[in-house]
Each structure stands twice: as C-alpha cells, then as structure tokens.
Amino acid sequence: MSREYKLLFAGPMGAGKTTAIAAISDSAPISTEARNTDIAQHSKAQTTVGFDYGEVALEGGDRLRLYGMPGQSRFDFIWKVASAGALGVVMLADNSRPDPLADLSACIDAFTELAAAHAMVVGVGRGGEGRLGIDDYGEWLAARGHVAPVFSVDVRRRDDVLLLIDALLNQIETRELLAGTTESRA
Amino acid sequence: MTLDTPLIGAPGLHESALTELLELLPQAHSVVLAQTDGFEVASAMRRAVPAARLAALASSMLALGAAALRELGMGGHGNVLIEGTDGKLLLLEVPLASQPLVLAVVAGEDAITGSLLWAARQCVQRIINHQ
C-alpha cells in the first residue's frame, strides 16, 4: 500500500535546507524567501521566512512531502506547526561556520521530541572547510543523547540528499517494525 | 538584531505613520512594521503586543500568502487578513524598493474590515511617501 511521508529539513541559517529540497523535488519547490538583512549572521542574499515545500514520488507509489524550515529561532513557531504529523527530520549543519555545533544546538533542541519519537539524520555540509570531522558530530550528538547517523554531504547534489532521505526512511521503518506498527498511514 | 545590521529608513517617520493609523482607527490597538525577513522596524500600540514576535509571524504569513498566490497563478503580491473571534489581524505589504516591509495591524473584533483595510492602506502610502 502506498504511503506518504512528511519530512522536515531543519538546521541553522545558511546550512542549505532550501537548496537540498530543490535538489530532489520532482517539481520546482514552493519557496518563501525574503531579502536577508542579517548580514552579521550570514551573508546570503535571501532567507526562508515561511517554509519551503517540495514533493518526491518514490518507486512503488510512496510519496515524500518535504518541508524546509527557516533557520532562525525567531521563526520557531513555524518549527512547531510543521512538526505536527512529521515522521522525521533531516538536520543540516554547516561545517564552515566558526562554531557549527553551537549553531546546531538550538535547532536540535527544538526538534528533540520529533527525533526521539520518529527519526533524525544529520547532514554536514562543507565538511572539508572546518576543523570538525564527522566523528566530532557523532560524539557531540551521542553526548546529548541523540541517536542519529551523520553524513558528509553536498546538498547541491541530488544523490547526497537522497542518501540522507534513504537513511531517514530506513530509521523510520526500523523503529516502526520494532514498535510493531507497520500499518499504512497513507 | 545585531548592531551592525543596517537600520532601514527613518524610524521616527515610520512611527508617526503608525501613530496616525491608530488615531484614524480607534478599533485598531497595535501596529507593527517589520522587515520581510522578520525584524521589527517600528511599532505603535495602545495595547501591548509582543512586537518582535508579531514581526516574525507577519513576515512568515505574508510570505506564505504570496507563495499561495504564485502557485495559483495570481501574481505574487497580496495581503493577509485573519479574522479571529476576539479580533482581527491584517498584514499588508509595503513595497519599498530599498527594503520591502510588512505592516501588521491588530484590531478588535468590532473593527469593520473595509475601514481597517482603508486605514492600513493609507498608512502604507504614508510610509512609501516618507522614503
């Protein structure tokens, strides 16, 4: 039976959430970008203020509904609204930031409940540009009680984003099998 | 907002436009002007509202409204009106070329929607003329 998965892309400003959804969505995503004036925080020209929305049809009839969150905590009301009914979160980090784990911290905390109840994967972007390695992220997550696979990704690459989605769907299915709740929600 | 973020326009002039709106429409009790990326620029209020929070909410909702219009092939600019049981919230675009803004007007449930729209549009025009 075919099924729909509502998945979120979260993470700090400039981590590549909008780019990641655009890389895999079957049609042009719905976007809600506004001119970015907070240049001190990030130099990019546009920033998501509502949410991005994209869709992916999988083989076998399943569908992904992808919601990209704003990165700034002043938009945390969107995080809460979008979390309802979501089955997993792709958390993106930007390794080129001065303190990527501090950036990640606020976002992860906001999605802890979703991650604990369902699934989370972490995608580290610009992995070669920072001091931290993938293992540092894994240890940091484990120390905070998160069980999430970590991948080094370039979110402009479709295959990299699909790798994150695959890992997330595997985690969702594994947890559901363990919980004995395999019935379709579609 | 960090200190080195550029402050847009003249806050004094913006505030006088917002105050005039409250004078024009007694049923309106708070008005907040925000940048489209959610930062508060100016506010005027008879009744306290969390202005910074409303600024972020207003920018999100107007952006979602515009996204809906684009999806429907109805342009990409519009206003958002939320009618609650205890009041109304109107969000208007302020299309400044230098820095687009959002005007959020909070009014009581007794505000007539047409009057609210008219007064808010007058305010938007005043802000544009001040630039």
Side-chain angles (χ1 to χ4, degrees), chain A residues 8-10 12-15 17-18 21-22 25-55 65-84 97-99 102-103 106-107 110, chain B residues 1-9 11 14 32-43 49-78 80 82 89 91-104:
Chain A
L8 307 188
F9 281 71
M13 187 181 184
K17 303 171 291 289
T18 300
I21 290 179
S25 182
D26 290 339
S27 53
I30 294 172
S31 75
T32 56
E33 292 197 296
R35 186 184 303 178
N36 172 39
T37 64
D38 196 2
I39 301 301
Q41 185 61 32
H42 203 287
S43 62
K44 64 181 181 167
Q46 301 273 310
T47 190
T48 299
V49 298
F51 54 77
D52 302 306
Y53 177 75
E55 290 182 342
R65 294 194 285 118
L66 311 172
Y67 291 79
M69 300 292 96
Q72 304 90 330
S73 57
R74 67 179 178 279
F75 296 116
D76 61 359
F77 50 87
I78 299 269
W79 301 352
K80 287 176 196 144
V81 171
S83 290
R97 302 283 299 171
D99 191 349
D103 290 350
C107 293
Chain B
M1 185 160 41
T2 45
L3 281 173
D4 45 352
T5 302
L7 202 64
I8 307 302
H14 288 330
V32 173
L33 191 63
Q35 293 178 187
T36 46
D37 63 343
F39 288 114
E40 179 192 349
V41 173
S43 66
V49 295
R53 200 86 181 129
L54 181 57
L57 269 164
S59 69
S60 292
M61 300 199 60
L62 198 62
L64 288 169
L69 290 174
R70 278 197 302 275
E71 283 301 302
L72 297 167
M74 300 196 294
H77 301 277
V80 173
I82 302 165
L89 171 61
L91 311 174
L92 257 63
E93 234 186 324
V94 185
L96 295 178
S98 54
Q99 170 62 57
L101 301 172
V102 182
L103 182 73

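The model shown is predicted, which means the values in this text are computed figures rather than measured ones. Letters go in sequence order (proteins before strands), and every chain restarts at 1. Values below: every heavy atom of this structure, side chains too, minus hydrogens, waters and symmetry copies.
- In terms of modelled atom types and a separation under 3.5 Å, the side chain of A:Trp79 and the main chain of A:Gly71 share no donor-acceptor contact.
- Checking A:Thr47 against A:Gln72 by side-chain atom types alone, a donor-acceptor pair falls below 3.5 Å.
- With A:Phe77 as the aromatic partner, B:Arg53 does not meet the cation-pi criteria of under 6.0 angstrom to the ring centre and within 45 degrees of the ring axis.
- With chain A as the partner, the residue from B:Ala63, B:Ala52, B:Gly76, B:Ala68 showing the most heavy-atom pairs under 4.5 Å is B:Ala63.
- Per-residue counts of heavy-atom pairs under 4.5 Å with chain A were compared for B:Leu57, B:Asp37, B:Thr36, B:Leu64; the largest is that of B:Asp37.
- A donor-acceptor pair under 3.5 Å links the side-chain atoms of B:Arg70 to the main chain of A:Ser31, judged by distance alone.
- Proximity to chain B (any heavy atom under 4.5 Å) is shown, for A:Phe51, by both the backbone and the side chain.
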